[in-house]
Asks: 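Below is the structure I would like to discuss, written out as structure tokens.
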Amino acid sequence: MTEVCGTSRIVGFRFSLYPMADEFVDIILSTLQQVDTTKVWVKTDDISTVIRGKMEHVFDVAKAIYLIAANTEKHVVLNGTFSIGCPGDSDGDVYMSEDDVRMNEDKVKNIHIEAPTQFALYPMNNENYMQIIADVVEIAKQQDTFTGGIHYASRLDGDAHDVFTTLEHAFNYTQEKVKHVTMTVNISANSPSRKKK
């Protein structure tokens, strides 16, 4: 049973993209220009960008931004926070009437990049939050992307499409049980350093 907080179940993702390259400005601007954002509300300032709308479109845009930036073969990091159910969160509700067709899937479906990820899930104001987090870890294990718990987060590894599927399933599972959910993600690509065993 999906619980409602505010006027709708609009999903938001506030993020910053960090290309580790001299041409970082060009990579950021080019990435944002290539991604189809027609089905989400978008606002960029001097620190970050926020996208808001239906869950499938927010995750579609987030994945496309990561993949297009990572496809430059530069070391890039996407760092951000997904949220749903923030009290009073209604600006951009018009985008909740969009259909379910993901606008960027065809554009990025053939880009395959390893996406080492740290994520942390916060089911807000729920006394059973540890069980929900354990359930989400089980989802990641079943999808073969979970590679371990770390301090203040969990680690996912695998192809970016698989990792984003896990993130979306984890977020969706949690929002069906909790009114207000936030989930932080830190996703790297093309890092010159290797994961320590």
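Along the sequence shown, the residues carry numbers beginning at 1.
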Asks: Salt bridge (charged side-chain N to carboxylate O under 4.0 Å, His left out), that's the test. Do K39 and D99 meet it? Break it down for me.
Replies: CA-CA 9 Å; K39 291 186 178 180; D99 63 29; 2.3 Å; yes
Asks: Between K74 and E23, does any NZ, NE, NH1 or NH2 come within less than 4.0 Å of an OD or OE carboxylate oxygen?
Replies: yes
Asks: Students often mix this up, so state it plainly: with edges at 30° and 60°, are the rings of F171 and F59 parallel, tilted or perpendicular?
Replies: tilted
Asks: With a 4.0 Å cut-off on N to O distance, would you call K43 and D45 a salt bridge?
Replies: no
Asks: Is H57 reaching over with its side chain to a backbone N or O of T37, donor-acceptor style, under 3.5 angstrom?
Replies: no
Asks: Transitively linked via ILVMFWY side-chain contacts under 4.5 Å: Y18 with L32?
Replies: no
Asks: Do V76 and S188 touch side chain to side chain, with heavy atoms closer than 4.5 Å?
Replies: no
Asks: Check whether any side-chain heavy atom of T184 lies under 4.5 Å from a side-chain heavy atom of F119, and answer yes or no.
Replies: no
Asks: Indicate the atoms forming the closest heavy-atom contact of T182 with S83, along with that distance.
Replies: CG2-OG, 3.8 Å
Asks: Answer yes or no: is there a side-chain heavy-atom contact under 4.5 Å between N186 and V77?
Replies: yes
Asks: Between S154 and F146, is there a side-chain heavy-atom distance shorter than 4.5 Å?
Replies: yes
Asks: Test T174 against every option in I133, L121, I84, N126 by the side-chain contact (heavy atoms from CB on, under 4.5 Å) rule and name the one that passes.
Replies: L121
Asks: Would you call K107-D36 a salt bridge at under 4.0 Å N-O?
Replies: no
Asks: Would you find a donor on one side and an acceptor on the other, under 3.5 Å apart, between the side chain of D60 and the backbone of N104?
Replies: yes
Asks: Output the distance between atom CG (D159) and atom CD1 (I113), rounded to the nearest 0.5 Å.
Replies: 8.5 Å
Asks: Can you tell whether the side chains of E105 and K63 come within less than 4.0 Å, N to carboxylate O?
Replies: yes
Asks: Charged N to carboxylate O below 4.0 Å: is that the case for K177 and D135?
Replies: no
Asks: Tell me whether S191 contacts the main-chain N or O of A189 through its side chain, where contact means a donor paired with an acceptor under 3.5 Å.
Replies: no
Asks: Grab the two heavy atoms, one from D100 and one from E56, that are nearest each other, plus how far apart they are.
Replies: OD1-OE2, 2.6 Å
Asks: Inspect the contact between E168 and R102 and indicate whether a charged nitrogen and a carboxylate oxygen are less than 4.0 angstrom apart.
Replies: yes
Asks: Quick check on side-chain contact (heavy atoms from CB on, under 4.5 Å): which of M124, Q175, E176 does V181 satisfy it with?
Replies: Q175
Asks: Above 12 or not: heavy atoms from other molecules or residues under 6.0 Å from OH of Y173?
Replies: yes
Asks: Hey, does the side chain of S30 reach the backbone of I27 with a donor-acceptor pair shorter than 3.5 angstrom?
Replies: no
Asks: Could you check whether the rings of F13 and F82 sit parallel, tilted or perpendicular, using 30° and 60° as the cut-offs?
Replies: parallel
Asks: Can you name the nearest heavy-atom pair linking V163 to D157, along with the distance?
Replies: CG2-C, 4.0 Å
